[in-house]
Each structure stands twice: as C-alpha cells, then as structure tokens.
Amino acid sequence: MPARSWVGSLSPVALSDEDFYRKHAPGMRRMAVALVGPSDGEDIMSTAFAKVLGSRTWPRLNDDEKARYLCRSVANEAKRWGAKRSRRQQREALLAARRTVAPQYDVDDSVWNAIVSLSTRQRAVVYLTYYEDLNTSQVAQRLGISVGSVFQHLSRARRTLEKNLDD
C-alpha cells in the first residue's frame, strides 16, 4: 500500500495506514487485553482501528494525533463492550477451568477478579500508568481527560484493588 499524503499533517512524512497499524497494533492490543481480557482484546483493538480508519477526521491528523485518537478509541470501545462483561467473565472462567489460556496471560484468579472489578476507565488509566509507564499528563492526553481525572481514577482503582486483594 503506498504512503498517502496527509492534508494538514504536521510531520513531513506521515506513515501509511498500513505502517501506522504495524507500529501501533501491538501496543493497542496489549492495552485492549489489559482492559477487557485476552478473549476480547483482539476484537476491541481491531474494531477500534477499523472505526478510526473510517472516520472523516483520520486523514487530517498527524501521526501523534492519530496515536492519541486510536488510544481513546480503544478505551471507548472497551467501555462499550463493558455491557457484555458477564458473558466475557463466563468465557474466561471456562477457559481458566480448562487451562487453555495462553501462558503469557496466566494471572492469579484473585488478581484477575480484582482487576475486572475496576471500571473500564480505571483499568485504562492503571494500564497506561503502570504498564506503558506514562506520566499523568500523558495518560490524560491519550484518554482525552483531565490530569485531575487521571489522579481520581488511579486513587479509586488503588483503593478498590487494595480492598479486593486484602480479602
């Protein structure tokens, strides 16, 4: 696929959609898995990517703006899928019982249950802060929320995790 020229792009040579996907898909996949679990993470990432590629805004963004837009889209898509959480939990429990979950996703049941108890936004903030090692302003920028909201979500997530893991 040839590289496209992006109207309004701030970078002189913007990545083609294909190159952008190759560069950002692994990180977005990890984020999606952290937000919704291994069985739906790939679907969340793929759905979010398809939606941003089809948006009217996408061609006008530079690569940094696209990365932030995609990150917010993955978080928002995970939130939309939150209504299906109980079915996902049942599938996760079935997979864990059969021990067919890939080793890289093996997590102690109590830890996974504590993580699942967080809201999607709290999981996104925790993931970006601790796994991606972003500071609060970077997390806020990626998710399109204020720095104060990042602190609030982190604080609530820590309290919830502490409470659920101490039981």
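- Summarising the geometry of Ala67 relative to His24, their closest heavy-atom pair is CB-CE1, 3.8 Å, with the distance given to 0.1 Å.
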Is there a side-chain contact (heavy atoms from CB on, under 4.5 Å) between Leu53 and Tyr21? Walk through the geometry before answering. CA-CA 10 Å; Leu53 287 174; Tyr21 179 85; 6.0 Å; no
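- Closest non-hydrogen pair, Ala124 versus Ala75, comes out as CB-CB, 4.4 Å.
- Taking CE from Met45 and CZ from Arg30, the interatomic distance works out to 11.0 Å, rounded to the nearest 0.5 Å.
- Two residues are said to be in side-chain contact when any heavy atoms from C-beta on lie closer than 4.5 Å; Gln122 and Arg156 meet this criterion.
- In this structure, Glu77 CD and Leu35 CG are separated by 11.5 Å, a value rounded to the nearest 0.5 Å.
- Ion pairing of Glu162 with Arg158 is absent here, as no side-chain N (NZ or NE/NH1/NH2) approaches a carboxylate O to less than 4.0 Å.
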Can you check side-chain contact (heavy atoms from CB on, under 4.5 Å) on Thr129 and Leu134, steps first, answer last? CA-CA 5 Å; Thr129 301; Leu134 300 178; over 6 Å; no
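- Listed for the Ser73 side chain is a donor-acceptor partner under 3.5 Å among the backbone atoms of Tyr69.
- Using modelled atom types, one side-chain atom of Arg123 and one backbone atom of Val116 make a donor-acceptor pair closer than 3.5 Å.
- Of the options Leu143, Thr47, Ile44, a side chain to side chain contact (heavy atoms under 4.5 Å, CB included) to Val74 is made by Ile44 and by none of the others.
- The two residues Val150 and Val139 come nearest to each other via the heavy atoms CG2-CG1, 3.9 Å.
- Closest of all the heavy-atom pairs between Asp63 and Phe20 is O-CE1, 3.7 Å.
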Assess the residue pair Asp19 and Arg22 against the criterion (side-chain contact (heavy atoms from CB on, under 4.5 Å)); give the C-alpha distance rounded to whole Å, side-chain angles, the decisive distance to 0.1 Å, and a yes or no. CA-CA 5 Å; Asp19 290 338; Arg22 281 193 191 110; 3.2 Å; yes
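- A parallel orientation is assigned to the rings of Tyr127 and Tyr131, their planes being inclined by less than 30° (bins at 30° and 60°).
- Of all heavy-atom pairs spanning Pro59 and Ser55, the tightest one is CD-O, 3.6 Å.
- Of the inter-residue distances, the one linking Thr160 atom OG1 with Ile115 atom CD1 reads 12.5 Å to the nearest 0.5 angstrom.
- Following chains of ILVMFWY side-chain contacts shorter than 4.5 Å, one cannot reach Val147 starting from Val126, and the two form parts of different hydrophobic clusters.
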Can you list the steps and then say if His153 with Ile145 is a side-chain contact (heavy atoms from CB on, under 4.5 Å)? CA-CA 11 Å; His153 289 300; Ile145 60 177; 4.2 Å; yes
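- Judged purely by distance below 3.5 Å, without hydrogens or angles, the side chains of Trp58 and Asp17 pair a donor atom with an acceptor atom.
- Separating the CZ atom in Arg142 from the CD atom in Glu132 is a distance of 6.5 Å, to the nearest 0.5 Å.
- Here the CE atom belonging to Met31 is positioned 9.0 Å from the CG atom belonging to Leu70, to the nearest 0.5 angstrom.
- Here the side chain of Arg72 pairs a donor or acceptor atom with the backbone of Gln141 at under 3.5 angstrom.
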